[in-house]
There are 2 protein chains.
Amino acid sequence: MAPRKMIDASAPAEGGGIALAEDVSAGPGREDPLFINSLAKGLGVLKAFDGDWDALGLREIAARSSISMGAAQRITHTLVRLGYLRKDDRTRRYRLSARMLDFAYHYLHASPLYEVAIPFVASARDDCRETVNVAELDGPEVVAVIRMPSQRRMNPTSTIGRRLPAFCTAGGRAQLAWLPQDELADILDRTDFQPRTPRTITDRAEVERRLEIAQREGFALVDEEVNLGEIAVAAPILDGNGRPLAAVGVSTSTAHWTVEAARERLAPVVMETARRISRSLRGWKPF
Amino acid sequence: MAPRKMIDASAPAEGGGIALAEDVSAGPGREDPLFINSLAKGLGVLKAFDGDWDALGLREIAARSSISMGAAQRITHTLVRLGYLRKDDRTRRYRLSARMLDFAYHYLHASPLYEVAIPFVASARDDCRETVNVAELDGPEVVAVIRMPSQRRMNPTSTIGRRLPAFCTAGGRAQLAWLPQDELADILDRTDFQPRTPRTITDRAEVERRLEIAQREGFALVDEEVNLGEIAVAAPILDGNGRPLAAVGVSTSTAHWTVEAARERLAPVVMETARRISRSLRGWKPF
DNA sequence: ACGCTCTTATCGCAATGCGATAACTAATTT
DNA sequence: AAATTAGTTATCGCATTGCGATAAGAGCGT
């Protein structure tokens, strides 16, 4: 009964709109007759398996997704039946099944980006022996789409699907810098300039200045703004109209690289890699 | 006129029967009061974005997931609102959003396997300069969980989330071979021994013999049974009780490797890598 | 053994999501 | 261009579907 309300950031897409996660439980009929509540709840449950907590019990699922236990019961039952959740009959706890990766598979195969980029990314990683990644912009965030880690273990192993704010990441800035003015402004309007480290630039004007520099230089460089001890460089993958589709980036450690070294030896690699991928993609028009 | 009847008695409104590859519903729509149909349909729509087709229109979505257009309308609306689908207002078509990768992220972070394995896999790939992967068993199939491709472009670029039959893949056999007898039998019972190439072993007894050999040798070797021109070697990652959690595998091309060379130079790598990962995982008990 | 907590099963009700249809808009044909 | 068509959005009344509460059942700890 703890009235804890876990508002999850579910709907960053549309600007206005109603706070949907808010009234899911105590919901009086809302004014959106097309919105299917059970679907939202179901996906909410899938999202509840967030932290590195292991198997969840029914009660905890209900609490985390702020739904009634009856709903949790029905939803878990359905998800188990569909194969997305697995249940340990002994402990009566649930955990995600490998079928969750189906979604990633479908997504990655819905665009040629993945397949085309892989060999170039592999080659780039071998050239500089550092972690290379490809990230897409999704609203004010970037999402890791490809990740080829170096042997060195990085701080928080960034995984496919990881989301980070665009304004302070190299991949994010590399895409923001090539965006049309109005779209950029729209995204920055929606951005929460929260510092991730003491070195994160939180001033919008200053970020915009960095974007101009990135545009001019052809790459974005971020120095310990995301994680202390980490330097990242990224360049945009552009479609035929010069619109950014994603960014190729390299992350490395201040223990082995200086900003100057990165600028000199890493930046050319990401720019060249991004250019090659861009060229291989020509002809395919995203929306 | 009361033509609104519904002869659907014969066609229980099970969620998207056709499009779902698995036996999602042998007939669950029937009497299963806990089964939430709208949730199944919603997930079915997400799955409809399967091939490399690009953006889908409402009509096509409805057809692919075998739901009414009304349902398609409501579901897409909901999914767009939740951020899983993106809509191009000009063409009125939908496509998956990067948010789909959230699921992969949650799944990969629900177990320590991913983080622990990454550096070892990276190191293995650098040792043999071939594609290294980690796959988990999910029923009679294996699912790719980690993929570190070589620079050489492989036939069908295997992606995270890709599913293949366990009985004819190296990663699959490496896990089957270490499974308790009853579980193995259960999985083989459910296996459809369909050949993927002319060289696929489709005789259950012969597959079982190969499993014994794999068990004895410590690794599984598959020669062009999945794709022509491809040799794969894999070894199991075991938990404290000797139960397989996943498998480390290397895929390579017959153009550059012979079976003997793979056995001699690749097998030791996967075995050693699997052993290292296994040891790093001790203490964590999956269910 | 007896509480306790959490999970599974059951039930009656009405809100929710359903399918059909109509209004609309973009793209194609003539 | 006007006319035709394919496809998408909006609306509506109704029964179905999924809802929350409650009761029955399992484990677990003390």
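Bear in mind the structure is a predicted one, so any value in this text is a computation, not a measurement. All heavy atoms count here, side chains included; hydrogens, waters and symmetry mates do not.
For B:Gln73, the listed nucleotide lying nearest its side chain is D:dT9; candidates were D:dT9, C:dT7, D:dC19. Of the candidates D:dA26, C:dC18, D:dT9, the closest approach to any side-chain atom of B:Met69 belongs to D:dT9. Closest to the side chain of B:Ala71, from the set D:dT9, D:dG7, C:dG19, is C:dG19. Minimum atom distance to the side chain of B:Lys41 is reached by C:dG19, of the listed D:dG7, C:dG19, D:dG20.
Of the two residues near DNA chain C, A:Leu39 and A:Leu56, the one whose nearest nucleotide lies more 5' is A:Leu56.
Applying the 4.0 Å criterion to OP1 and OP2 of D:dG18, one finds that A:Arg74 has every side-chain N and O outside that range. OP1 or OP2 of D:dT9 has at least one side-chain nitrogen or oxygen of B:Lys87 nearer than 4.0 Å. Taking 4.0 angstrom as the limit, B:Ser38 places a side-chain polar atom (N or O) nearer than this to OP1 or OP2 of D:dG18. When the side-chain nitrogen and oxygen atoms of A:Arg92 are compared with OP1 and OP2 of D:dA26, none of them lie within a distance under 4.0 Å.
Taking the centre of each ring, A:Tyr84 and B:Tyr107 stay at or above the 6.0 Å mark.
In this structure, B:Ile67 places its CD1 atom 16 Å from C1' of C:dA20, rounding to the nearest Å. Rounded to whole angstrom, the span from the NE2 atom of B:His77 across to the C1' atom of C:dC18 amounts to 16 Å. Taking atom CG of residue B:Leu34 and atom P of nucleotide C:dT8, one finds them 10 Å apart after rounding to whole Å. Per the geometry, CZ belonging to B:Arg93 stands 11 Å off C1' belonging to C:dA27, to the nearest Å. Note: CD (B:Glu60) to P (D:dG7) measures 10 Å, nearest angstrom. Atom CD1 of A:Ile75 is separated from atom C1' of C:dT8 by 16 Å (rounded to the nearest Å). Atom CG of A:Asp89 and atom C1' of C:dT8 are 12 Å apart (whole Å).
Closest heavy-atom contact between A:Ala246 and A:Leu113: CB-CD2, 3.9 Å.
Counting only heavy atoms from C-beta outward, the side chains of A:Arg99 and B:Glu141 approach each other to under 4.5 Å.
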